[in-house]
Amino acid sequence: QPFNHATQAQRQPGSSFKPLLYSAALEQGFAPATVVDDAPFVGANGWAPQNSDGQFDGPITLRQALARSKNLVSIRVAQQVGTGAAREWAGRFGLDAAQQPDNLTLALGAGSATPLQMAQAYAVFANGGHRVMPVVIERITDANGKLLFEAPAAPPLGEANRVIPERNAFVMRSLLNDVTRVGTAARAQAQLRRPDVYGKTGTTNDAVDAWFAGFQ
């Protein structure tokens, strides 16, 4: 049987999961200017996660932390939000909540998702908080242009398919734009020469998986 990596490959999203956690935090009273300590952390069984840059920057804002993908800040955010609430919130975006760990490794994207699920999740931010089911094949025609198949039209955006508040999506777009402007994905805006790029990088241990999830 053919294996479709876009729709079937369950991979660790790494730091590309963090915007879903930050979105959950916004609903619990966090703001882009909320200050969280980027300091060493030791968890259960001696778990001592590090930042990818190997640096600890002390108290920094949520906006700065996401732009620079600070793991220790994300862990402390997950502690405040609660892993159960964060998993439920990720489910709103189309991820399988059961595939996300019920511990603080959740903050580092240690769960699993398919590339199509991640595209659907980020589309929620792009669509102002509405979840839209992705279409893999839109239309099939034969050699003469005769229509053989056409996917059903997507339902109009409305409260029936809203999964997060519009204000939440608005703030998250601002944060994701900073990631591509001055953060870990700054090359995206610089090389494309367009300011309307929003997204987040993500890598897993030993760069087994490397992600850029985003939209424009």
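Remark: A186 engages no residue in a side chain to side chain contact (heavy atoms under 4.5 Å, CB included) (not counting sequence neighbours). The side chain to side chain contact (heavy atoms under 4.5 Å, CB included) test applied to D178 returns R63, R181, not counting sequence neighbours. Not a single salt bridge (charged side-chain N to carboxylate O under 4.0 Å, His left out) links R193 to another residue, sequence neighbours left out. In this view, F215 and Y198 satisfy the ring-ring contact (aromatic ring centres under 6.0 Å, His included) rule, not counting sequence neighbours. The salt bridge (charged side-chain N to carboxylate O under 4.0 Å, His left out) test applied to R76 returns no partner, not counting sequence neighbours. Listed by chain and residue number, E159 satisfy the salt bridge (charged side-chain N to carboxylate O under 4.0 Å, His left out) test with R162 (two or more places apart in sequence, or in another chain). For R194, the salt bridge (charged side-chain N to carboxylate O under 4.0 Å, His left out) test picks out D196, with sequence neighbours left out. When the side chain to side chain contact (heavy atoms under 4.5 Å, CB included) test is applied to A85, the partners found at least two apart in sequence or on another chain are Q28, V81.
If you take CG on D38 and OG on S74, they are separated by 9.5 Å, rounding to the nearest 0.5 Å. Interatomic distance, L175 CG to L62 CG, rounded to the nearest 0.5 Å: 7.0 Å. Put simply, CG on L176 and CG on L66 are 6.0 Å apart, with the number rounded to the nearest 0.5 Å.
In terms of modelled atom types and a separation under 3.5 Å, the side chain of R87 and the main chain of A97 share a donor-acceptor contact. The main-chain N or O of L72 is found under 3.5 Å from a side-chain atom of N51 such that the two form a donor-acceptor pair. Under a 3.5 Å cut-off, the side chain of R131 and the backbone N or O of R92 do form a donor-acceptor pair. Looking only at distances, no side-chain donor or acceptor of Q189 sits under 3.5 Å from a matching main-chain atom of R187. For the pair N4 (side chain) and Q8 (backbone), a donor-acceptor distance under 3.5 Å is absent. Panel note: side chain T34, backbone A31; a donor-acceptor pair is recorded below 3.5 Å.
Criterion: ILVMFWY side-chain heavy atoms under 4.5 Å apart, direct or through other members. Under it, L106 and M172 are part of a common hydrophobic cluster. A single hydrophobic cluster is seen to contain both I60 and V179, as judged by linkage of ILVMFWY side chains at heavy-atom distances under 4.5 Å, directly or through other members. The hydrophobic clustering, which links ILVMFWY residues whose side-chain heavy atoms are closer than 4.5 Å, places L21 and F93 together. L95 and F212 are assigned to two separate hydrophobic clusters, defined by single-linkage of ILVMFWY side chains at heavy-atom distances under 4.5 Å. In the hydrophobic clustering of this structure, I75 does not group with L20; members are Ile, Leu, Val, Met, Phe, Trp, Tyr whose side-chain heavy atoms approach within less than 4.5 Å, directly or through other members.
Between the side chains of K200 and T180, no donor-acceptor pair is found at a separation under 3.5 Å. At a cut-off of 3.5 Å, with distance as the only test, a side-chain donor of S15 or S69 sits close to an acceptor on the other residue. Donor-acceptor pairing under 3.5 Å is recorded for the side chains of S23 and W89. A donor-acceptor pair shorter than 3.5 Å cannot be found between the side chains of K146 and T141. Side-chain atoms of Q12 and T204 include no donor-acceptor pair closer than 3.5 Å.
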Using residues 116-127 as the side-chain source, report each donor-acceptor pair under 3.5 Å to any protein atom, sequence neighbours left out, with the distance given to one decimal.
| from | atom 1 | to | atom 2 | distance (Å) |
| --- | --- | --- | --- | --- |
| Q117 | OE1 | T114 | N | 2.9 |
| Y122 | OH | S16 | O | 2.7 |
| N127 | ND2 | A123 | O | 3.0 |

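At most 12 non-hydrogen atoms from other residues, nucleotides or ligands lie less than 6.0 angstrom from CD of E166.
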Show your reasoning for whether side-chain contact (heavy atoms from CB on, under 4.5 Å) applies to Q80 and V77.
-> CA-CA 5 Å; Q80 292 293 316; V77 170; 5.8 Å; no

Step by step, work out the side-chain contact (heavy atoms from CB on, under 4.5 Å) result for L157 and N161.
-> CA-CA 7 Å; L157 299 183; N161 49 28; 4.2 Å; yes

Evaluation steps, side-chain contact (heavy atoms from CB on, under 4.5 Å), between V197 and N177 = CA-CA 6 Å; V197 179; N177 189 245; 5.6 Å; no

Let me see the working for V136 and T7 under side-chain contact (heavy atoms from CB on, under 4.5 Å), right down to the final yes or no.
-> CA-CA 9 Å; V136 178; T7 62; 4.1 Å; yes

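A151 approaches V135 most closely through the heavy-atom pair CB-CG1, 3.6 Å. Closest approach of A169 to G128, counting heavy atoms only: CB-C, 3.7 Å. Minimum interatomic distance between P13 and A113 (heavy atoms only, all atoms of both residues): CD-N, 4.3 Å. T61 and P32 make their closest contact through CB-O, 3.5 Å (heavy atoms, listed as atom of the first residue, atom of the second, distance).
Sorted by first and then second residue, the ring pair (Phe, Tyr, Trp, His ring centres under 6.0 Å) pairs involving residues 17-61 (not counting sequence neighbours) form an empty list. Applying the ring pair (Phe, Tyr, Trp, His ring centres under 6.0 Å) test to every pair with at least one member in residues 160-194, sequence neighbours left out, gives no pairs at all. Counting only residues at least two apart or in different chains, salt bridge (charged side-chain N to carboxylate O under 4.0 Å, His left out) contacts with residues 44-62 comprise D53-K70, D57-R68, D57-K70.
With respect to the salt-bridge test (charged N to carboxylate O, under 4.0 angstrom), the residues E27 and R167 qualify.
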